[in-house]
Amino acid sequence: MAYWLMKSEPDVYSIGDLERDRTELWDGVRNYQARNFLTSMALGDQAFFYHSNTKPPGIVGLVEIVETNVVDPTQFDSTHKYYDPKSFPDKPRWHTVTVGYVETFARGITLDQLKEAFTPDELWVVRRGNRLSVMPVEDTIAQKLLKMAYTTE
DNA sequence: GCCAACGTTGGC
DNA sequence: GCCAACGTTGGC
């Protein structure tokens, strides 16, 4: 089982929204590197849910991959924000996954804490200028993150 | 194929 | 709201 980190702006879609919805199609990723990570996800993989563009940014919960290799339907919808006129149903460009809610951490891990605990090579989200919205997390790093999340002060 | 212009992300 | 970082686009 592999671990990942997936970013979302809470104003757009938060861990609370996922808790309510239980599962959600992770649509709208339009970056090839992020897409490649999405397509290499397997059923049962888990991902740290990261709130970006908020105060404070950081990891807020855990999700799991419940459906893999889903064609992102928004790419064909000309009225949609994520419409891609260069993508066609017989040869879609954008595949993604469906995520399922696992838990919201009682105490989130802020970006400041992540920067204290990990180097940019260990955890890409602490890299300066990093804009990738989906990234892998090494198992040893994931275990440390889980330990941090479950440690109440 | 280069690279300037442009748009977006996301921390601060 | 600002702006650095960086991916994409399009003219040449």
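Since this is a predicted model, take the numbers as computed values, not measurements.
- Side-chain nitrogen and oxygen atoms of A/Lys7 include none within less than 4.0 Å of the OP1 or OP2 phosphate oxygen of B/dT8.
- The two residues A/Gln113 and A/Gly108 make their nearest non-hydrogen contact at OE1-O, 3.7 Å.
- Atoms CD (A/Gln33) and P (C/dA5) sit 18 Å apart, rounded to a whole Å.
- For the pair A/Leu132 CG and B/dG11 P, the interatomic distance rounds to 13 Å; values are reported in whole Å.
- Rounding to the nearest 0.5 Å places NE2 of A/His51 at 6.0 Å from CD1 of A/Ile15.
- For the pair A/Tyr50 and B/dG11, the criterion of a side-chain N or O lying under 4.0 Å from OP1 or OP2 is met.
- Comparing A/Asn130 and A/Lys86 by the nucleotide of DNA chain C that holds the closest heavy atom to each, the one mapping nearer the 5' end is A/Asn130.
- The aromatic rings of A/Phe105 and A/Tyr150 sit perpendicular to each other, their planes meeting at more than 60°, with 30° as the lower class boundary.
- Residue A/Trp26 forms a ring-ring contact (aromatic ring centres under 6.0 Å, His included) with just one option from A/Trp94, A/Tyr82, A/Phe49, and that option is A/Phe49.
- Rounded to an integer number of Å, the gap from CD1 of A/Ile59 to P of B/dG11 is 12 Å.
- Rounded to an integer number of Å, the gap from CE of A/Met6 to P of B/dG10 is 13 Å.
- Phosphate contact (OP1/OP2 of B/dT8, side-chain N/O of A/Arg131, threshold under 4.0 Å): absent.
- Summarising the geometry, the separation between NZ on A/Lys55 and C1' on C/dG1 is reported as 11 Å, rounded to the nearest angstrom.
- Between A/Asn53 and A/Arg128, it is A/Asn53 whose nearest contact on DNA chain C lies nearer the 5' terminus.
- For the pair A/Arg30 CZ and C/dT8 C1', the interatomic distance rounds to 15 Å; values are reported in whole Å.
- We find that CG of A/Asp84 is positioned 14 Å from P of B/dT8, with the value rounded to whole Å.
- Whole-Å rounding puts the A/Met135 CE to B/dG10 C1' distance at 12 Å.
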